[in-house]
Amino acid sequence: MSAQNQNRIKRVSVPDVRARKGGEPLVCLTAYDAPMARLLDPHCDLLLVGDSVGMVVHGLDSTIGVTLDMMILHGQAVMRAAKQALVVIDLPFGSYEQSPQQAFESASRALAETGAQAVKIESGTYAADTIRFLSERGIPVMGHVGLRPQAALNEGGFKAKGRDDMERTRVFHEAREADAAGAFAIVIEGVAEDLAAEITKAVHVPTIGIGASASCDGQILVTQDMLGLFDWTPKFVRRYAQLAEAVQDAVKAYAGDVKSRAFPAAAETYSFKPKNG
Ligand code: KIV
């Protein structure tokens with residue numbers, strides 16, 4: 001594609017996402033690096049540089065050890081390749097909870113240093129002030145309610161939410177508050193369909209579900225989960241490919257060829273003729 005044509009691709013904007021409330025479902029996936037972002041970009045409305053990168057790419061047990069510098073590095077890689085999807089950077093644990101001012105410093109760094117268009121925060125009860133503070137200062141914010149992976153330490157792991165009335169009410173109010181505070185979209189993770197449907201009906205912005213049923217205005221999955229790169233995936237993941245098997249088969253074949261000297265063959269070997277003089 002020529003540089004001129006590339007410039008003509010119009011990137012999905014925050015108002016475009018907002019306008020999809022109740023319309024065609026938003027297609028969203030996580031992305032952490034340039035080669036994958038290049039493959040996902042033409043098919044997605046939104047790419048999230050999720051702090052799940054800590055578990056998916058760096059092998060951490062949770063997202064707690066992910067830093068803002070890590071998010072910026074991965075955000076830069078994704079932004080080099082994603083030309084049309086809206087790119088959202090997750091603010092990691094410890095980079096925004098202390099105060100709206102701390103959140104502003106982290107979010108403005110994330111946007112300025114990557115060129116991404118928005119940030120996401122896991123919006124617990126304390127977060128409405130932060131969402132308002134950022135939105136009013138020109139930083140688009142996506143909320144995240146229900147199962148919040150950054151709360152895993154307090155909760156003893158990753159647990160679906162809304163199992164009792166008190167929890168349902170809390171998740172519902174967190175979503176309403178994020179909406180009222182100016183979030184342009186809200187991720188709902190790990191809740192039953194009736195609660196997701198209730199929230200989706202009650203808020204003015206698109207809801208993006210992960211383990212939250214087809215009642216949401218869009219869906220997001222961790223890309224490596226849906227590509228079948230891991231032995232285990234949560235109940236809500238559908239595997240659209242079996243990449244782990246494909247990689248293992250390919251590596252096994254390569255190892256066999258190296259050992260038998262079938263690789264490299266003549267076609268994969270240089271044969272320069274010496275130049276005279
Ligand atoms: O970090 C992440 O990948 C996320 C998605 C699961 C929504 O927050």
Under a 3.5 Å distance rule, please check whether Gln84 uses its side chain to pair with a backbone N or O of Cys44 as donor and acceptor. yes
In Å and rounded to the nearest 0.5 Å, what is the OG to CZ distance from Ser13 to Phe184? 9.5 Å
Quick check against the 3.5 Å criterion: does Lys275 have a side-chain atom that pairs as donor or acceptor with the backbone of Phe272? no
Going only through I, L, V, M, F, W and Y residues with side-chain contacts under 4.5 Å, is there a path from Val187 to Val141? no
Between Thr269 and Ala265 the two heavy atoms that sit nearest each other are OG1-O, 2.7 Å
Counting only heavy atoms from other residues, nucleotides and ligands, does the tally under 6.0 Å from OH of Tyr126 exceed 12? yes
Gap between atom CD of Glu24 and atom CZ of Arg20 - 0.5 Å precision: 5.0 Å
Is there side-chain contact between Ile186 and Val145, with at least one heavy-atom pair below 4.5 Å? yes
For the hydrophobic clusters of this structure (ILVMFWY residues joined by side-chain heavy atoms under 4.5 Å, transitively), does one cluster hold both Phe104 and Leu91? yes
Heavy-atom check, side chain of Val49 versus side chain of Val88, under 4.5 Å: no
Derivation of the side chain to side chain contact (heavy atoms under 4.5 Å, CB included) call for Cys28 and Leu48: CA-CA 7 Å; Cys28 315; Leu48 171 68; over 6 Å; no
Using the test side-chain hydrogen bond (donor to acceptor under 3.5 Å, both in side chains), find all partners of Gln117 that sit at least two apart in sequence or belong to another chain. none
Out of curiosity, Glu189 CD to Glu122 CD, how far, rounded to the nearest 0.5 Å? 7.5 Å
Should the pair Arg238-Asp225 be classified as a salt bridge under the 4.0 Å nitrogen-to-oxygen rule? no
Without swapping roles, check the side chain of Gln150 against the backbone of Ile121 for a donor-acceptor pair under 3.5 Å. no
If you round to the nearest 0.5 Å, how far is CE of Met36 from CG of Leu39? 6.5 Å
Val203 to Ala175 - nearest heavy-atom pair and separation: CG1-O, 3.8 Å
Under a 4.5 Å side-chain heavy-atom rule over Ile, Leu, Val, Met, Phe, Trp and Tyr, are Val57 and Val87 clustered together? yes
Just by distance, no angles: are the side chains of Thr223 and Tyr32 close enough, under 3.5 Å, to form a donor-acceptor pair? no
I need the minimum non-hydrogen distance between Ala103 and Leu134, along with the two atoms involved. C-CD2, 3.8 Å
Quick one: are Lys10 and Asp16 in side-chain contact, heavy atoms under 4.5 Å? yes
Ala185 backbone acceptor or donor facing Arg18 side chain under 3.5 Å: no
Just distance, no hydrogens or angles: give the donor-acceptor pairs under 3.5 Å from side chains in residues 213-221, sequence neighbours left out.
{"residue": "Ser213", "atom": "OG", "partner": "Ser215", "partner atom": "N", "Å": "3.1"}
{"residue": "Ser213", "atom": "OG", "partner": "Ser215", "partner atom": "OG", "Å": "3.4"}
{"residue": "Ser215", "atom": "OG", "partner": "Glu193", "partner atom": "OE2", "Å": "2.9"}
{"residue": "Asp217", "atom": "OD1", "partner": "Gly22", "partner atom": "N", "Å": "3.2"}
{"residue": "Asp217", "atom": "OD2", "partner": "Lys21", "partner atom": "NZ", "Å": "2.8"}
{"residue": "Asp217", "atom": "OD2", "partner": "Thr207", "partner atom": "N", "Å": "2.9"}
{"residue": "Asp217", "atom": "OD2", "partner": "Thr207", "partner atom": "OG1", "Å": "3.3"}
{"residue": "Gln219", "atom": "NE2", "partner": "Ser213", "partner atom": "O", "Å": "2.9"}

For Arg176, does the CZ atom sit with more than 12 other heavy atoms under 6.0 Å from it, leaving out its own atoms? no
Less than 4.5 Å apart, any side-chain heavy atom of Met79 and any of Glu113? no
Please answer whether the main-chain N or O of Gly94 pairs with a side-chain N or O of Glu97 as donor and acceptor at a distance below 3.5 Å. yes
A side-chain contact here means heavy atoms from C-beta on lying under 4.5 Å apart; do Ile208 and Met142 qualify? yes
Looking only at non-hydrogen atoms, find the nearest pair between Ala183 and Gly143 and report the distance. CB-N, 4.1 Å
Does Arg168 pair with Asp194 as a salt bridge, N-O distance under 4.0 Å? yes
Ile210 reachable from Met55 in the ILVMFWY side-chain graph, under 4.5 Å edges: no
State whether the side chain of Asp41 and the backbone N or O of Ala85 hold a donor-acceptor pair below 3.5 Å, judged by distance alone. yes
Of all heavy-atom pairs linking Ala128 and Ala181, the shortest is O-CB, 3.3 Å
I'd like to know if the side chain of Ser95 reaches the main chain of Pro92, judged simply by a donor and an acceptor atom lying under 3.5 Å from each other, with no hydrogens or angles considered. yes
Checking side chain to side chain contact (heavy atoms under 4.5 Å, CB included) for the pair Asp45/Val17: CA distance, chi angles, key distance, verdict? CA-CA 8 Å; Asp45 298 301; Val17 169; 5.6 Å; no
Please name the pair of heavy atoms, one in Ser108 and one in Glu105, separated by the smallest distance, quoted to 0.1 Å. OG-O, 3.2 Å
Are Val171 and Ile131 joined in one hydrophobic group, where the rule is that I, L, V, M, F, W and Y side chains link up if heavy atoms are under 4.5 Å apart? no
If you count the non-hydrogen atoms of other residues, nucleotides and ligands that lie under 6.0 Å from CD in Gln98, is the total more than 12? no
Around atom CG of Asp164, are there more than 12 heavy atoms of other residues, nucleotides or ligands at under 6.0 Å? yes
For Phe172, is the NZ or CZ atom of Arg170 found under 6.0 angstrom from the centre of its six-membered ring and inside 45 degrees of the ring axis? no
Distance, nearest 0.5 Å, that separates CG of Leu46 from CG of Leu40: 11.5 Å
Counting only heavy atoms not in His58, do more than 12 sit closer than 6.0 Å to its NE2 atom? yes
Answer whether the closest heavy-atom distance between the side chains of Phe93 and Thr63 falls below 4.5 Å. no
Assess the side chains of Tyr96 and Gln101: does a donor N or O sit below 3.5 Å from an acceptor N or O? no
Measure the spacing between CD1 of Ile188 and CG of Leu195 and express it to the nearest 0.5 Å. 7.0 Å
Using the side-chain contact (heavy atoms from CB on, under 4.5 Å) criterion, which residues pair with Leu73? Sequence neighbours excluded. Gln76
Is there a side chain to side chain contact (heavy atoms under 4.5 Å, CB included) between Gln242 and Arg239? Walk through the geometry before answering. CA-CA 7 Å; Gln242 306 294 340; Arg239 291 186 186 190; 4.0 Å; yes
Glu136 side chain to Phe133 main-chain N or O, any donor-acceptor pair under 3.5 Å? no
Side-chain (Arg11) to main-chain (Ala82) donor-acceptor, under 3.5 angstrom: yes
Do Leu47 and Thr30 have side chains that approach each other closer than 4.5 Å (heavy atoms only, starting at C-beta)? no
Worked check of side chain to side chain contact (heavy atoms under 4.5 Å, CB included) between Ile64 and Leu153: CA-CA 8 Å; Ile64 300 300; Leu153 288 181; 4.1 Å; yes
Sub-4.5 Å side-chain heavy-atom contact between Asp90 and Val119: no
